[in-house]
There are 2 protein chains.
Amino acid sequence: MTKSSTQPSSPKITDAPRAQKRSRPVQVADQIKRWVVERDLRKGDKLPNEAAMIAQFGVSKGTVREAMRILEAQGLIVTKTGPGGGSLVGEVSKDRAMSLLGNYFYFKDLSLSDIYELRKLLEPALVAKLAGTLDEGTLTELRDMAHQYPEPAQTPEEEKEQHISSLLFHARLADAADNELLGFVISFMARILSDLTVYRRLYATPNEELWERGRRHQIDLVEALASGDGDRAHAIMTSHMEGAERMMNQQEMRITREFMAE
Amino acid sequence: MTKSSTQPSSPKITDAPRAQKRSRPVQVADQIKRWVVERDLRKGDKLPNEAAMIAQFGVSKGTVREAMRILEAQGLIVTKTGPGGGSLVGEVSKDRAMSLLGNYFYFKDLSLSDIYELRKLLEPALVAKLAGTLDEGTLTELRDMAHQYPEPAQTPEEEKEQHISSLLFHARLADAADNELLGFVISFMARILSDLTVYRRLYATPNEELWERGRRHQIDLVEALASGDGDRAHAIMTSHMEGAERMMNQQEMRITREFMAE
DNA sequence: TAAGATTTGTTCGTATGTATC
DNA sequence: GGATACATACGAACAAATCTT
């Protein structure tokens with residue numbers, strides 16, 4: 001392992017001017033981060049306890065606690081009370097990462113077409129890559145999800161439920177990719193879309209034809225994936241994305257501005 | 001504005017089991033977040049001061065301060081001392097969002113091909129869309145960046161510099177997209193790649209032919225963008241991505257595991 | 001420049017809660 | 001149950017920053 005030994009840290013992309021005075025807790029948090037990186041600590045590894053840090057950094061208990069809260073908020077540590085307790089290095093969860101990123105887009109007012117521009121690029125490519133690589137368990141899982149709602153929704157609540165279920169289907173596909181980055185982006189978009197609000201419905205009853213097409217797409221897609229037909233999977237997903245975008249535009253869905261959950 | 005009035009918050013995508021006891025500071029932080037969302041507060045809006053929150057939530061000063069640190073760590077507030085000071089709602093910066101997301105991937109060990117799989121999908125599509133839409137100022141900026149290094153690098157340091165410069169070129173393109181989501185993903189990848197480490201160099205001198213091809217690509221790309229030739233821009237970028245990936249694989253670059261900067 | 005007011009920043013002492021043995 | 005080791009929370013005091021006069 002070539003320990004990079006504090007190289008001059010070449011200029012970062014999109015590096016803000018940043019100078020500023022940093023409060024003690026933030027300084028302490030940064031030092032702890034460095035400490036963790038230097039020792040290459042991993043998921044369950046223990047950090048020194050409060051008392052040790054108070055001594056180590058020469059600050060008070062309150063300051064150390066604020067520093068720990070900073071790290072905790074970023075998902076980098078978890079803390080337990082009691083004997084043998086203390087703070088442990090904690091892998092940032094996907095859920096938390098999505099929430100944190102969601103906070104950024106909270107202020108950005110994404111549009112549906114922004115999201116679908118990306119979905120139309122990524123999801124067809126994803127399934128094309130996935131075709132023929134999924135094990136039986138995953139395929140069964142996907143088949144079950146595709147068949148879960150055999151009838152069109154009767155109520156707005158039911159329709160929302162089906163909408164969420166459909167997005168879970170896509171998130172499941174994303175998780176099957178062995179590309180964490182691709183999987184994350186797709187899951188993140190699914191999550192944003194699952195927080196949608198129907199602003200005004202143009203048709204009193206949901207468009208059954210579009211619904212049926214969406215359902216057929218899912219079912220056909222799983223079979224294309226099972227048979228290893230990447231081109232067909234790609235085509236189905238492309239068609240599905242276009243249909244989904246059209247349906248959502250028809251219903252004038254709006255993105256809900258929402259803060260992180262945790 | 002249709003205030004969504006605390007709807008039952010439909011099941012989230014990738015919602016962890018999550019129950020757990022939440023510490024007082026976290027509870028307070030959550031309440032403040034809700035408070036902000038309910039009132040639809042924006043960038044510069046003021047939050048109540050410490051004393052008011054102590055009274056409001058019936059907790060001690062230390063607890064309130066820990067709560068504020070949590071929000072600050074997520075980029076949601078900024079705090080100033082002095083009269084008229086206090087905490088303000090603060091838009092999450094792109095830089096901070098990338099750092100926070102970087103923490104997630106810190107544990108994931110992304111490979112170069114993971115990143116390039118996405119780049120090859122997104123960047124050609126981006127430039128195809130951008131063709132003919134850029135103003136003269138932006139085009140000039142891009143031209144300048146493309147011509148910045150007229151000679152191949154002589155030293156590893158120089159080469160790294162050029163590498164970063166090239167990624168800045170891509171980040172600049174991403175910012176020109178009027179799709180914040182697409183722009184963010186591309187910039188984020190550029191940032192990860194800018195933190196690369198050359199692990200072992202196969203050729204003592206950098207491959208000049210590949211370098212020259214990369215440079216030509218950038219120059220030709222800007223002209224294609226200026227003339228509005230989307231197909232050509234797409235083709236150039238595709239070729240460029242393939243070349244870049246090949247070059248990096250040749251040099252056996254490794255992704256540096258690095259914690260957030262701020 | 002200086003003084004005073006306001007608001008956050010930091011410390012210390014003490015007490016309480018919680019999990020392990 | 002009791003002892004121990006740890007985090008959690010409170011309250012009072014003082015320090016530092018920054019605005020106003």
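Proteins come first, then strands; the chains are lettered A, B, ... in the order of their sequence lines, and each starts at number 1.
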Residues [X], [Y]: salt bridge by 4.0 Å N-O rule:
X        : Y        : answer
A:Arg69  : A:Glu72  : yes
B:Asp45  : B:Arg39  : no
B:Lys61  : B:Glu50  : yes
B:Asp30  : B:Arg22  : yes
A:Arg172 : A:Asp175 : no

Atom [atom1] of [X] to atom [atom2] of [N]: distance rounded to whole Å?
X       : N      : atom1 : atom2 : result
A:Arg22 : D:dA17 : CZ    : P     : 17 Å
B:Asn49 : C:dT6  : CG    : C1'   : 9 Å
B:Arg24 : D:dT8  : CZ    : P     : 13 Å
A:Met68 : D:dA9  : CE    : P     : 14 Å
B:Glu50 : D:dG11 : CD    : P     : 14 Å
A:Glu66 : D:dA7  : CD    : P     : 16 Å
B:Met53 : C:dT7  : CE    : P     : 13 Å
A:Arg69 : C:dG9  : CZ    : P     : 17 Å

Can you check whether A:Arg65 has a side-chain N or O nearer than 4.0 Å to OP1 or OP2 of D:dA7?
no
Within residues 57-64 of chain A: residues closer than 4.0 Å to DNA chain D (heavy atoms)
A:Lys61
Would you jot down, in residue-number order, the residues of residues 77-85 of chain B having a non-hydrogen atom under 4.0 Å from DNA chain D?
B:Thr81, B:Gly82, B:Pro83
Quick one: do A:Lys108 and B:Glu91 satisfy side chain to side chain contact (heavy atoms under 4.5 Å, CB included)? Show the steps, please.
CA-CA 9 Å; A:Lys108 294 298 184 209; B:Glu91 195 166 4; 3.5 Å; yes
Specify whether A:Tyr104 and B:Phe184 have parallel, tilted or perpendicular ring planes, treating 30° as the upper limit for parallel and 60° as the lower limit for perpendicular.
tilted
Okay, side chain of A:Asp144, backbone of A:Glu141: is any donor-acceptor separation there less than 3.5 Å?
no
Heavy-atom check, side chain of A:Leu101 versus side chain of B:Leu100, under 4.5 Å:
no
